[in-house]
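Working notes, beginning with the structure itself.
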Amino acid sequence: NHTGSGAPPPWSDRYVDYKGLKKLLNPLEHGNGTQEHEDIFTAAIRAEIEKVNNFFTEKEAEAFEEFRVFCIKIHRAAVTPTR
């Protein structure tokens, strides 16, 4: 979860909480889990997937916007006569 400098990256809250999921999975792995444990784990993993998907969608939209702006700048530069 940390960058090489030891500081968490600005989006570390968007990472999958593997540690938390592992804690929820342990009873199920060892045969001690109930249906309630399974339901809680399923809800948690779905929430983690949604969190990562939302982050990816947000970053993808940002990248497309940057690309759109870049294309406009390139187009303007191409049609602007040089002196």
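Because the structure is a prediction, the values reported are computed rather than measured. Quick note: numbers below take in every heavy atom, side chains included, and nothing from hydrogens, waters or symmetry partners.
Ion pair R14/E48 not flagged as a salt bridge, since none of the NZ, NE, NH1 or NH2 atoms sits closer than 4.0 Å to an Asp/Glu carboxylate oxygen.
Atom CD of E29 and atom CZ of F41 lie 8.5 Å apart (nearest 0.5 Å). Rounded to the nearest 0.5 angstrom, Q35 CD and T42 OG1 are separated by 8.0 Å. To the nearest 0.5 Å, the span separating CD1 on I45 from CG on L25 amounts to 8.0 Å. Between the CD atom in E62 and the NZ atom in K59 there is a gap of 4.0 Å [rounded to 0.5 Å].
At least one donor-acceptor pair under 3.5 Å links the side chain of H37 to the backbone N or O of T34. H30 places a side-chain N or O within donor-acceptor distance of the main-chain N or O of N26, the cut-off being under 3.5 Å. The main-chain N or O of V16 is never found under 3.5 Å from a side-chain atom of K51 such that the two would form a donor-acceptor pair.
Linking Ile, Leu, Val, Met, Phe, Trp and Tyr residues whenever their side-chain heavy atoms come within less than 4.5 Å places Y18 and I40 in a single cluster.
Between the side chains of N54 and E58, not a single donor N or O lies within less than 3.5 Å of an accepting N or O.
Here the shortest heavy-atom pairing between G33 and L28 reads CA-CD2, 3.9 Å. Between G20 and D17, the shortest heavy-atom distance links the atoms N-OD1, 2.9 Å.
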